[in-house]
Amino acid sequence: KVPDAADFDSKQASSMIETAAKQIAPFDLLSYKVEGIIGANRPMPADGLPVIGYAEPCLYVAVMHSGMTLGLLAGELAAFEVGKFQASEGNGFEILDEYRPSRFN
């Protein structure tokens, strides 16, 4: 279990690096020193679903808690939508319709 960022210290970070170093032999991880720790929260939309699309003209958002698993696909779809479609209802990929920012209006 990874500690909460508020309780995380450099000793724990160093321990994690040592553990990783045993698994990733080609890299000299033990030569690195923990200089600082920054904790952050992942974005979590109110309904738990991703938010992908134009929040307003010229402002495209892609916010989701599951960015590690959905980031690649969401990025590809977002790049295509920004490049090809205008910021108006009815434009874009139908598969993203239930994830549009407009659902919060």
Side-chain angles (χ1 to χ4, degrees):
K1 180 183 177 207
V2 176
D4 185 85
D7 300 325
F8 202 71
D9 61 30
S10 62
K11 184 176 179 180
Q12 290 168 309
S14 295
S15 174
M16 290 177 73
I17 290 172
E18 288 174 20
T19 301
K22 293 174 187 173
Q23 305 296 320
I24 309 171
F27 302 102
D28 185 19
L29 292 178
L30 296 178
S31 66
Y32 292 92
K33 178 183 144 200
V34 177
E35 292 185 7
I37 299 169
I38 299 172
N41 295 320
R42 288 187 191 172
M44 177 61 94
D47 59 3
L49 298 173
V51 181
I52 304 172
Y54 283 98
E56 58 186 60
C58 298
L59 176 61
Y60 194 96
V61 298
V63 179
M64 63 206 74
H65 181 71
S66 53
M68 289 296 289
T69 55
L70 295 178
L72 183 61
L73 176 60
E76 289 286 329
L77 294 172
F80 190 84
E81 285 194 337
V82 168
K84 295 286 184 186
F85 301 118
Q86 297 295 317
S88 62
E89 287 295 319
N91 286 333
F93 292 107
E94 191 175 317
I95 194 170
L96 294 177
D97 285 351
E98 65 183 284
Y99 306 110
R100 300 293 184 199
S102 58
R103 73 179 187 268
F104 296 109
N105 296 341

Can I get a per-line list of side-chain donor-acceptor pairs under 3.5 Å for residues 44-53, giving both atom names and the distance, sequence neighbours left out?
from	atom 1	to	atom 2	distance (Å)
D47	OD1	L49	N	3.1
D47	OD1	R103	NH2	2.9
D47	OD2	R103	NE	2.7
D47	OD2	R103	NH2	3.2

Inter- and intrachain pairs under salt bridge (charged side-chain N to carboxylate O under 4.0 Å, His left out), touching residues 64-77, at least two apart: none
Are [X] and [Y] grouped together when hydrophobic residues (ILVMFWY) are joined by side-chain heavy atoms under 4.5 angstrom apart?
| X | Y | value |
| --- | --- | --- |
| F93 | Y99 | yes |
| V82 | I95 | yes |
| L59 | V63 | yes |
| L70 | F80 | yes |

Whether Y60 and Y54 hold their rings parallel, tilted or perpendicular, with breakpoints at 30° and 60°: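 It falls in the perpendicular class, over 60°.
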Straight-line distance of T69 OG1 to M64 CE, nearest 0.5 Å: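 These two atoms lie 9.0 Å from each other.
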